[in-house]
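Take a look at the structure set out below.
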Amino acid sequence: KMVEEAKKLAGYAAVDNHVKDNQAVGIGSGSTIVHAVKRLAERVKEENLNVVCVPTSFQARQLILENCLPLSDLDRHPELDVAIDGADEVDSELNLIKGGGGCLTQEKIVASCAKSFIVIADYRKDSSALGEQWKKGIPVEVIPMAYVPVSRAIQSQFGGSADLRMAVSKAGPVVTDNGNFLLDWRFDQEHNWSAVNTTIKMMPGVVDTGLFINLAERVYFGMEDGTVKIRD
Ligand code: DER
C-alpha cells in the first residue's frame, strides 16, 4: 500500500540520518513511528548501538517494549539527543498539527526536551498552510471539568467549532493517557498560529494544544513516487 510504504520511507530516513550510538531518543506516537521504531531496533541489533528510548504515550511505551528497546524516562534523561514523531499536518514554516492520536501533551513535552526534534510523515501531511488537507481540527487537551468553558472561549475568540472528542470503542468521551478530555477545534480561517497557540494555552483548564510552533527542526516526507522529501 502506497501510504504505508511512504510512512516506512520517512521513518527509516529519520532513524538512519539522526540516531547515533550513546543517545537518548524520544519516541513519538501514531502509526508512522512504528516504522521508525522497527528500524531503530534493527540498527541497535546490527550495530550494537547503546540507546535509551523515552515514550510519548502508553502506545509508544508498548512499542519500545515490544521491540526490546531500553525504556527510560525524563527523570533519568531530561535532556534527549533526538526525538522522532509523526504529525497530522505540516505547513511551509514547519508548524505542525499533532494530536490526531490524542497524545499531543506528552509528545510536546518530549519534543521540547530534545536537542533535535525530527518529524516523519507521509505525503498526505505535506501542506503549505494548516487546514489544507487535515480537516479534523486542532486537538486541545483540557481538564475534564473545563471542557465546556474552554470550548466556548475558543469559539467566541477564534470562531469555528471546538467539539469534545467522543470515544469509539468506549462509551463517552476519549480520556487521554493523562486522564483528560480532548477538544477538536475545526477552524474556518487562516490564523497566526503562534498567537493562537499562546492564547489557547493561557485559557484556564487547557493542558496543551496540538499546535507545535517552532519545535520541528526537519520533516521527512515519504512520497508517492518512493522518494523522501526533506523540509527544514
Ligand atoms: O497524534 C499524534 O500527534 C500522532 O503523532 C499523529 O500526529 C501522527 O500519526 P500518524 O503517524 O498515525 O499519521
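Order of listing sets the numbers, starting from 1, for every ligand and every atom in it.
Taking every non-hydrogen atom of Gly30 and a distance limit under 4.0 Å, the qualifying atoms of ligand 1 come out as 9 (O), 12 (O). Shown in contact with Gly101 at under 4.0 Å from a heavy atom are these atoms of ligand 1, numbered in order with element: 1 (O), 2 (C). Which parts of ligand 1 touch Asp85 is read off a 4.0 Å heavy-atom cut-off, strictly below it: atoms 5 (O).
Scanning the protein for heavy atoms near atom 11 (O) of ligand 1, the closest one is Thr32 OG1, 2.7 Å. Of all protein heavy atoms, the one lying nearest to atom 7 (O) of ligand 1 is Asp88 OD1, 3.1 Å. Scanning the protein for heavy atoms near atom 13 (O) of ligand 1, the closest one is Lys125 NZ, 2.6 Å. Taking atom 10 (P) of ligand 1 as the reference point, the nearest protein heavy-atom neighbour is Ser31 OG, 3.5 Å. The shortest contact between atom 8 (C) of ligand 1 and any protein heavy atom is with Ala87 N, 3.6 Å.
Counting heavy atoms closer than 4.0 Å to ligand 1, residue Ser29 contributes backbone atoms (N, CA, C, O) but none from C-beta onward.
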Between Arg39 and Glu42, does a salt bridge (Lys or Arg N to Asp or Glu O under 4.0 Å) hold up when you go through it step by step?
-> CA-CA 5 Å; Arg39 178 59 181 157; Glu42 209 173 79; 2.5 Å; yes

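Using modelled atom types and a 3.5 Å distance limit, the side chains of Asn50 and Asn22 yield a donor-acceptor pair. When only modelled atom types and interatomic distance are considered, Asn197 and Thr209 share a side-chain donor-acceptor pair under 3.5 Å. A donor and an acceptor atom, one from each side chain of Gln106 and Asp177, are nowhere located under 3.5 Å apart.
Atom CZ of Arg231 has more than 12 neighbouring heavy atoms from other residues, nucleotides or ligands inside a 6.0 Å radius. Heavy-atom neighbours of Phe181 CZ from other residues, nucleotides or ligands within 6.0 Å: above the threshold of 12. Under a cut-off of 6.0 angstrom, the local environment of CZ in Arg152 is sparse, with at most 12 non-hydrogen atoms contributed by other residues, nucleotides or ligands.
Contact check on Lys136 versus Asp88 returns no salt bridge, with no Lys/Arg side-chain nitrogen under 4.0 Å from an Asp/Glu carboxylate oxygen.
Considering backbone and side-chain N/O of Ile97, none are found under 3.5 Å from N/O of ligand 1. Considering both main-chain and side-chain atoms, Glu107 comes within under 3.5 Å of ligand 1 through a nitrogen or oxygen pair.
Ligand 1 does not have Gly28 within reach: every non-hydrogen atom of the residue lies 4.0 Å or more from it.
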